[in-house]
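Numbering of ligands and ligand atoms starts at 1, following listing order.
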Amino acid sequence: MNLLKKDFFFQDVNKLKGVGIQLSRYLKKKRIEKIKDIILNFPYSETNRSRLSKLNNLEIGKIQTIKVLVKKLYFPRVKNLPNRIVCEDETGNIDIVYFNSREGYLRKIFPLNEWVVISGKVNFFRNKYQISNPDYVTSLENQDYVIKNIPKYSLTKGINEKKYRSICDQVTENLPKIDDWLSDDFIKENNLLGWNNAIKKLHTSLENDNNSSSYRRIVFDEICANLLTLAENRKRIRKDKKEKQFSKIFSKKIINNLEFKLTNDQKKVLNEINLDLSNDKRMFRILQGDVGSGKTIVALLSISNVIESGYQCALMAPTEILALQHYKLAKKIFKNTDTNIIFLTGKTEKKEKIKILKDLEHGKINIIIGTHALFQKKIKFNNLGYIVIDEQHKFGVNQRTDLAKKGGSNCDLLLMSATPIPRTMMMSLYGDMDLSKISEKPAIRKKIITISKPEKKIKEIYSFLKKNIDKQNQVFWVCPLIEDSKFLDFSSAKKKFNEINKFFPNIVGLLHGGLEKDEKIKVLRKFLERKISILVSTTVIEVGIDFPNANIIVIENANKFGLAQLHQLRGRVGRGDKQATCILLFKEGLSKNAIKRIKILKNSDDGFFIADEDLKLRGFGDLTGYQQSGIKSFRFADPVIHSDLFELAEKYIFNIKDKVNQKKYIFLLKLFDKADIINFSEI
Ligand code: ADP
Ligand code: MG
């Protein structure tokens, strides 16, 4: 192969010898499309073919390597009878059998009365050792290619080891040396390896635990590529805009009419947002705050400023019921102003929708609140100036960028999230955004009492609930499953519903993801209007609906959930001014780790602290609830094992941020498939 150095990495794999249409199609399925994908597909283990075994000393069922003399070749030419080659050494003999190979080929690789090296899995058949379709057969001259530890790549059926190895060898043997983007000093200082060396080692020496210096080098590069992408994204989104002018007339009025005082953190983040709005660069900000920290009012106050400055605003929530809640609150706080607020979801009647679309386009609507229906193509704004998205934890970089594009050149963007992202990962996930954070909770809020109980004491819990329901309090009862499962010994919502219904007739509702949307809304509404007192449900109640009167939550099989998730669930109660209780139900015999986790939950109500602890205890691989937030988007980096590298990469990128256009960094971005992400058209 004779390719220019820089081209080599990004050529299609079908440029390699022996890779035809079928194989390249197969490789594509394994996400190997370019030559660089082969380079970054490291072996996970190795097969030991390095020891030569004598024929009287073979182990059945194992892969072994033998050096033998070819004695006889049989080509029976009868259907279903294999071709057979008899070989021997000084200690015995063996049959090598082939089911689908041509005679000419076999005669070539098994020259009569000559020595060959064969490697493959040894079987025992009709009282004789045999190897069928061996992995390797070579002459003695080429034996070094076989007699060694051979890297094992994760490949499923469709391609054999030898084939893949020969492709991989073509690549690694022709690997052009590249100029490292890291300096020698930096590499040495941080115990990493140079790129060229690291790649070679990762393919050969097989000391590939995920903390070897070669592996850590690739991890570092991957994190850097990610951070660079975000930095570039940020540069492109934070473009010039018309600054918004307002004197906070509305927001002051609203604040005066609130039943509570804003916390210092709420004031602080509101100030940060206001500064961005009145600035001449587009805002691209994330507002992080634990459940119940009071993000909604901050959003609405900032919206009021944008309205004052003459722009339209859009507030999007992930579910209809949450959107409706925001809408009602907005209606209430904007009551004595002439602000026109509209509610739009996928279910809005056609006739009404047409009118809304018209009014929006003509600027008659100031605030539109709804679900993702707000961002359909046909929706056109007159002068959209501000998009606020609530509970955005399902958005990755691409989606954020899309949203920024939709808004147009004068539009500011605020995302709100209650997903506590562990500190080490914040930059790698949201490095393109500015961060506002509410840590403090409203002072009137009492700390939720968290207790744990074994399941056999469920009667005690029932009588506790009875007392509370008599006092007009409401209860969430959370189960991990919808229905009983043959395979999982967890409690199901349906069964629990029947059980609880017997104790508390006519005041129990059932909610789970299997219900029709209408049915769900009906049940939630009943609960909100206090027509029922207990809501048995799956984790669908996780997302931020406010039920001020619900102040008890029972969570069954609590050890099935991650800490962060338990904390989110717990946050469903205690949103009014009554004392709230969270009861974690367990089966007997908890592990040490489980006990530790309960303790953390009991002692802390700081979601960010809990997320960090969760990460330490469970490890990255187990983190549920985060999957969709993009944390899992790393291929090599693991936020637990490599947390130091995340920090190091942040520092490194900070220093080079403005020089991303340098060729070497573009190369780095391309290696990790990031170049496409930032190559979007103008926003
Ligand atoms: P989240 O940050 O989870 O979205 P919300 O905005 O829904 O929290 O607020 C939760 C509850 O706290 C609401 O009922 C809200 O009215 C109330 N709240 C917000 N700010 C304050 C405050 N400063 N003092 C007291 N209650 C507040
Ligand atoms: Mg909220």
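Residue Met416 does not touch ligand 1, judged by heavy-atom distances below 4.0 Å. Using a 4.0 Å cut-off between heavy atoms, Thr296 contacts ligand 1 through both its backbone and its side chain.
The option with the heavy atom closest to atom 23 (N) of ligand 1, from among Lys261, Glu259, Arg572, is Lys261. Residue nearest to atom 25 (C) of ligand 1, selected from Gly574, Pro442, Gly571: Pro442 (by heavy-atom distance).
If you number the atoms of ligand 1 from 1 as listed, the ones under 4.0 Å from a heavy atom of Gly292 come out as 1 (P), 2 (O), 3 (O), 8 (O). Near Thr263, with a cut-off below 4.0 Å to any heavy atom, the atoms of ligand 1 are 23 (N). Heavy-atom proximity to Leu262, at under 4.0 Å, picks out these atoms of ligand 1: 23 (N). Interface of Asp290 with ligand 1, defined as ligand atoms under 4.0 Å from a residue heavy atom, comprises 2 (O).
Using a non-hydrogen distance threshold of 4.0 Å, Ser293 registers as a contact of ligand 1.
Using modelled atom types and a 3.5 Å distance limit, the side chains of Ser452 and Lys602 yield a donor-acceptor pair.
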Could you walk me through whether Asp518 and Lys522 pass the salt bridge (Lys or Arg N to Asp or Glu O under 4.0 Å) test, one step at a time? CA-CA 6 Å; Asp518 286 350; Lys522 228 198 254 154; over 6 Å; no
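Here the rule is side chain to side chain donor-acceptor pair (under 3.5 Å) with Asn305, and of Ser278, Ser251, Ser247 only Ser251 fits it.
Applying the ring pair (Phe, Tyr, Trp, His ring centres under 6.0 Å) test to every pair with at least one member in residues 286-311, sequence neighbours left out, gives no pairs at all.
In this structure, CD1 in Ile449 is found 11.5 Å from CZ in Arg570, a value given to the nearest 0.5 Å. Atom CZ of Phe464 sits about 4.5 Å away from atom CD1 of Ile552, to the nearest 0.5 Å.
Taking the six-membered ring where tryptophan is involved, the planes of Phe504 and Tyr462 are perpendicular, since the angle between them exceeds 60° and thus also 30°.
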